[in-house]
Amino acid sequence: MANVRVGFIGCGGIANGKHFPGMAQQEGVDMCAFCDLILERAEKAAKEYGTPDAKVYTDYHELLADPTIDAVHVLTPNVAHCEITVAALEAGKHVLCEKPMAATPADAKKMLEARDRTGKMLTIGYQYRHFPENQVAKKVVDSGVLGDVYYAEATYLRRRGVPTWGVFTDKAKQGGGPLIDIGTHALDLTLFLMNNYDVDYVCGTSFEKLGHTLDAKHQGQVNYRGEFDTWNNETYDVEDSAVGFIKMKNGATIVLRAAWAINMAEDYAANGEAYTMLAGTEGGLDTKEGRVRLNHVVAEYPTISWVGNKVSGFIPGFSQGPAPKSKEAEIWVKALKGEGELFVTADQAYVVTRILDAIYESNRTGKPVYFD
Ligand SMILES: NC(=O)c1ccc[n+]([C@@H]2O[C@H](COP(=O)([O-])OP(=O)(O)OC[C@H]3O[C@@H](n4cnc5c(N)ncnc54)[C@H](O)[C@@H]3O)[C@@H](O)[C@H]2O)c1
């Protein structure tokens, strides 16, 4: 079977941190085209990861015009996801687009429609689902030991952790701040574990408290991951934290919390990662410390236990733990070769985008947003 030929649009942080190393580990893949507005980034990527004849571009239309390319990864800031993904699907390419699917539900819908029109595959880069503790949590939920899961908390909090590379604090390019950037992971993970995408209504608040005001000398302090720098108060124009209340049609309820800057210490417990807490009629679990903690009843005794002991050790983050990024690439490449199914569907990611947008809208209007 011929190798699958893959192109990459956007050669910045996530491209280098996840997509290039993840795809380089797969058999039967030609990483043959790299595009970035900044030519040197595309050239560097082609040199490090590309086939000997890999091409570089600054205009993604030219990359898409190459009929030998089977699939592309869309790795640009959020507002460009829709335009590039739709163009790629129309050009006959399968697409792995980074999270969030799009900056707005209207854009995400256009992407779904383009997928359906073209019959090409579309998936979204929610790698948290592949973290070992989350895979184990999924098995626990599906085994039924929690009973009916009726309440969940989806959390990704950084006490101080504003991304200072790229355009993350620019609303026009990203569509929002921590809610759309990292809250999206926690929400995707929780909906996936609950296997419930049927939303009744959403309320929420987003705060703009610290992004504009926090003194530079306090910005980088006590940041667990230690990989973020001080940010610019003047150009910061997104929220710094947000909370959502999501009521599902079956009555189940999710509280979503996301922050890049908040005076709460919870990122320590979660090792700076997304986690979830589920409560069911028979038991509950959380994935707070990179492992699955179950609370249940054993012989009438309320019991807290670790499922499978400590699952695969502590997973510090996608940039350090090879498993999630290569797992995402592995599943994707199998699907491209016609040997497997997509794991993250665009329909699921669309619901995530709708919920996040509804939280922003509820904050603006002070009202709940009802889904149809
Ligand atoms: N899955 C994750 O955990 C995760 C982590 C970080 C970022 N992301 C997502 O990845 C995307 C990119 O984030 P990043 O951290 O890599 O940002 P980045 O700024 O480091 O990289 C983006 C790159 O895209 C290029 N670019 C912008 N517009 C372009 C266009 N029209 N054509 C070609 N290149 C273009 C930029 O020059 C830049 O090099 C965002 O959507 C972000 O939400 C996902």
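Each ligand, and each atom within it, is numbered from 1 in the order the structure gives.
Not counting sequence neighbours, N295 has no partner by the side-chain hydrogen bond (donor to acceptor under 3.5 Å, both in side chains) test.
Ligand 1 places these atoms under 4.0 Å from at least one heavy atom of G166: 19 (O). Near G125, meaning under 4.0 Å from one of its heavy atoms, ligand 1 places the atoms 1 (N). Against a heavy-atom cut-off of under 4.0 Å, H185 is close to the following atoms of ligand 1: 1 (N), 2 (C), 3 (O). Each of the atoms 24 (O), 34 (N) of ligand 1 lies under 4.0 Å from some heavy atom of G10. Each of the atoms 1 (N) of ligand 1 lies under 4.0 Å from some heavy atom of K18.
Counting heavy atoms closer than 4.0 Å to ligand 1, residue L75 contributes backbone atoms (N, CA, C, O) but none from C-beta onward. The proximity of Y126 to ligand 1, defined as any non-hydrogen pair under 4.0 Å, does not occur for either the backbone or the side chain.
Considering both main-chain and side-chain atoms, Y60 never comes within under 3.5 Å of ligand 1 through any nitrogen or oxygen pair. Considering backbone and side-chain N/O atoms, P77 never comes within less than 3.5 Å of an N/O atom of ligand 1.
Residue F168 places a heavy atom less than 4.0 Å from ligand 1. For the pair E83 and ligand 1, no heavy-atom separation below 4.0 Å is found. A heavy-atom separation below 4.0 Å is not found between A80 and ligand 1.
Identified under the side-chain hydrogen bond (donor to acceptor under 3.5 Å, both in side chains) test for residues 31-41, with sequence neighbours left out: none.
Scanning N16, N78, L37 for the heavy atom closest to atom 35 (C) of ligand 1 points to L37. When the heavy atoms of I180, I14, I9 are ranked by distance to atom 5 (C) of ligand 1, first place goes to I14. Across the listed options T76, D59, I124, T76 owns the non-hydrogen atom lying nearest to atom 40 (C) of ligand 1. The residue from K99, R41, E98 that puts a heavy atom closest to atom 42 (C) of ligand 1 is K99.
At least one cation-pi condition fails for R257 and Y156: the charged atom is not both under 6.0 angstrom from the six-membered ring centre and inside a 45 degree cone around its axis. Cation-pi geometry between K109 and Y350 is not satisfied (NZ or CZ under 6.0 Å from the ring centre, within 45° of the ring normal).
The aromatic rings of F131 and Y128 sit parallel to each other, their planes meeting at less than 30°, with 60° as the upper class boundary.
The pair K110-E113 fails the salt-bridge criterion, with no side-chain N (NZ, NE, NH1 or NH2) lying under 4.0 Å from an Asp/Glu carboxylate O.
Aromatic ring centres of F8 and F20: separated by under 6.0 Å.
If you check the side chains of H19 and E98, you find a donor sitting under 3.5 Å from an acceptor.
Within 6.0 Å of NZ on K334 lie no more than 12 heavy atoms contributed by other residues, nucleotides or ligands.
One N or O on the side chain of N233 and one on the backbone of L214 form a donor-acceptor pair closer than 3.5 Å.
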